[in-house]
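Right, one structure below, let's go through it.
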Amino acid sequence: MDKLKVMTIFGTRPEAIKMAPLVKELERRPEFESSCCVTAQHRQMLDTVLDIFRIKPEFDLDIMEAKQSLSTITSKCLLGLETVFQQVRPDLVLVHGDTSTTFAGALAAFYQQISIGHVEAGLRTGDKYSPFPEEMNRCMVSRLADLHFCPTESNRRNLAAEGVAKGVFVTGNTVIDALGTTVRDDFRFTTEELNRLDYQGKKVIVVTCHRRENYGEPMAQIMKALRRLALTYADQVELVYPVHLSPVVQKAARSRLEGLDNVHLVDPLTADEMHNLMARSYLVLTDSGGLQEEAPALGKPVLVLRRETERPEAVAAGTVRIAGTHETDIFNLASELIESPAAYAGMAHAVNPYGDGTACRRIADAILYYFGRSSRPPETFQSR
Ligand code: UD1
Ligand code: UDP
């Protein structure tokens, strides 16, 4: 029997981190002829992930521009992928999550009538404009996809509520597979500043912030809250903030936080550095999706710098709280976790609602089952 031709498409840092272990799994299995196409919607932030996980894509569309618009990303991906799909004719295209690369990847595959598998399917906020444009990207991909790999049972229910019930598998999130390969006790950071931090004596707070719906006043409020935290707890707290390369984010962060002794504005970290930094930290403040999944697995409390989340599982488990985007709310919640050991202990316990480290195996098994190459579906991921 011919091998199944599966092409994995991704373009940004988080997609790369979460697709990397799946690419490895597909390469390992004799039933698949695996290939990889990156759009490079992100350039430097993608390349570091490819290096760490030793992935050499067969195709690279190299589309990134400074301050790119949503239309530019989508149209460049669509045109580039058309050529790649015509050349390779995969049996299945895999896209991940909710970026513009994801949406364009699914649409380009649909135009060629190629089957589509959606990894990290079924996340929803119910708010069309938040996260923007990700909420609509993932809704549209759910309409286009044939296979839906939901991290959790609640993601499956979201799809069922929209009438999507065929080809749905609950697999866990591949990010937990990735995390299992990066965190080590003897890890040394290549960013020397991070080796010098006093992780025992100080409360090290990891910060990230990049979402488009936070551009403008919400991001300004977030930066003010961070400044106030750094000044109020100057002798107790070290803020480590790897600043996203988006010029909008760089300006917002540097204009308010540069020059404070206990604020470390560093370049984006490689995935292994970020995972090991979180593992050594006290608290995480973020608007990132991926960090909301990783930090709970590492037992670190998270305050989400957004108005809502599509990842309610860790909120229910008590390790993640929605802080919103107002300076005072963020400051008050973080202060409580800095000052009150009881409040901190209430949130700092390791939970793993998002995966057990074997999501990629389940996804590969589900693909074989869907294409009639195996008679058994994978067992459903049950969160503990
Ligand atoms: C994108 C995704 C978002 C995801 C985020 C992860 C969309 C619409 N947004 O948002 O869902 O959460 O990635 O980080 O798909 N840049 C560089 N080098 C890089 C990466 C970015 O210089 O390696 C700069 C460029 O100027 C680029 C800008 O950042 O134009 C914004 O990148 P873009 O992919 O458009 O948006 P993100 O905010 O990164
Ligand atoms: N990450 C990283 N370096 C950084 C910041 C984040 O490797 O400097 C990782 C993080 O551990 C997670 C992913 O990038 O795996 C999250 O990406 P991002 O926050 O850019 O996007 P989102 O998850 O919000 O879509």
Side-chain angles (χ1 to χ4, degrees), residues 10-21 38-53 62-74 76-77 95-105 120 123 130-138 173-179 182-183 189 191 194 206-215 219 240-252 264-279 281 284 286-295 297-298 300 302 304-306 309-311 354:
F10 52 92
T12 66
R13 169 175 66 193
E15 293 165 77
I17 293 171
K18 291 169 165 182
M19 286 296 232
V38 294
T39 64
Q41 174 179 336
H42 286 173
R43 186 70 274 172
Q44 305 91 315
M45 285 161 56
L46 171 75
D47 289 344
T48 60
V49 183
L50 297 175
D51 282 351
I52 297 288
F53 291 97
D62 197 23
I63 67 154
M64 195 191 87
E65 293 173 20
K67 290 198 177 180
Q68 58 205 0
S69 74
L70 299 176
S71 311
T72 333
I73 306 170
T74 307
K76 283 176 133 183
C77 288
V95 293
H96 181 280
D98 53 23
T99 70
S100 293
T101 288
T102 314
F103 170 54
E120 196 174 281
L123 280 69
S130 187
F132 174 77
E134 290 83 358
E135 178 72 2
M136 284 317 288
N137 282 345
R138 53 199 175 207
N173 197 310
T174 59
V175 78
I176 306 300
D177 300 28
L179 207 53
T182 50
V183 176
F189 295 98
T191 310
L194 301 183
V206 180
V207 178
T208 78
C209 181
H210 72 276
R211 304 225 75 87
R212 269 184 163 76
E213 71 275 9
N214 277 343
Y215 284 5
M219 210 169 268
V240 183
Y241 179 178
V243 188
H244 190 291
L245 293 178
S246 157
V248 180
V249 179
Q250 287 279 337
K251 189 162 173 231
H264 307 269
L265 299 178
V266 295
D267 286 336
L269 300 174
T270 58
D272 55 344
E273 288 202 297
M274 188 63 182
H275 292 169
N276 281 281
L277 175 66
M278 272 193 289
S281 73
V284 176
T286 189
D287 66 359
S288 158
L291 264 64
Q292 289 178 59
E293 295 152 349
E294 293 164 342
L298 297 168
K300 306 300 171 179
V302 179
V304 178
L305 307 173
R306 288 170 52 180
T309 182
E310 57 286 86
R311 293 168 171 87
Y354 298 112

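Just follow the structure's listing: the first ligand is 1, and inside any ligand the first atom is 1.
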One residue to check: S100. Relative to ligand 1, which of side chain, backbone, both or neither has a non-hydrogen atom less than 4.0 Å away?
both

Which residue and non-hydrogen atom of the protein lie closest to atom 27 (C) of ligand 1, and at what distance in Å?
E65 O, 3.6 Å

Using only atom types and a distance under 3.5 Å, with no angle test, would you say the side chain of T12 pairs donor to acceptor with the backbone of H42?
no

Can you list every protein residue that has a heavy atom under 4.0 Å from any atom of ligand 2, sorted by chain and residue number?
R13, P14, I17, H210, R211, P242, P268, L269, T270, A271, M274, H275, S288, G289, G290, L291, E294

Could you tell me if T48 and T270 have a donor-acceptor pair between their side chains, going purely by distance under 3.5 Å?
no

Looking only at non-hydrogen atoms, the one of E134, H244, M45, R13 nearest atom 23 (O) of ligand 1 is M45

Closest heavy-atom approach to atom 37 (P) of ligand 1 among K67, R211, Q41, H42 is made by H42

What residues, two or more places apart in sequence or in another chain, satisfy salt bridge (Lys or Arg N to Asp or Glu O under 4.0 Å) together with D267?
none

Residue portion contacting ligand 1 (non-hydrogen atoms closer than 4.0 Å) for P247:
side chain

Under the ring pair (Phe, Tyr, Trp, His ring centres under 6.0 Å) rule, collect the residues that match up with F53, sequence neighbours excluded.
none

Residues in ring pair (Phe, Tyr, Trp, His ring centres under 6.0 Å) contact with H264, at least two apart in sequence or another chain
none

Atom 12 (O) of ligand 1: the protein heavy-atom neighbour that sits closest, reported with distance to 0.1 Å
H210 NE2, 2.9 Å

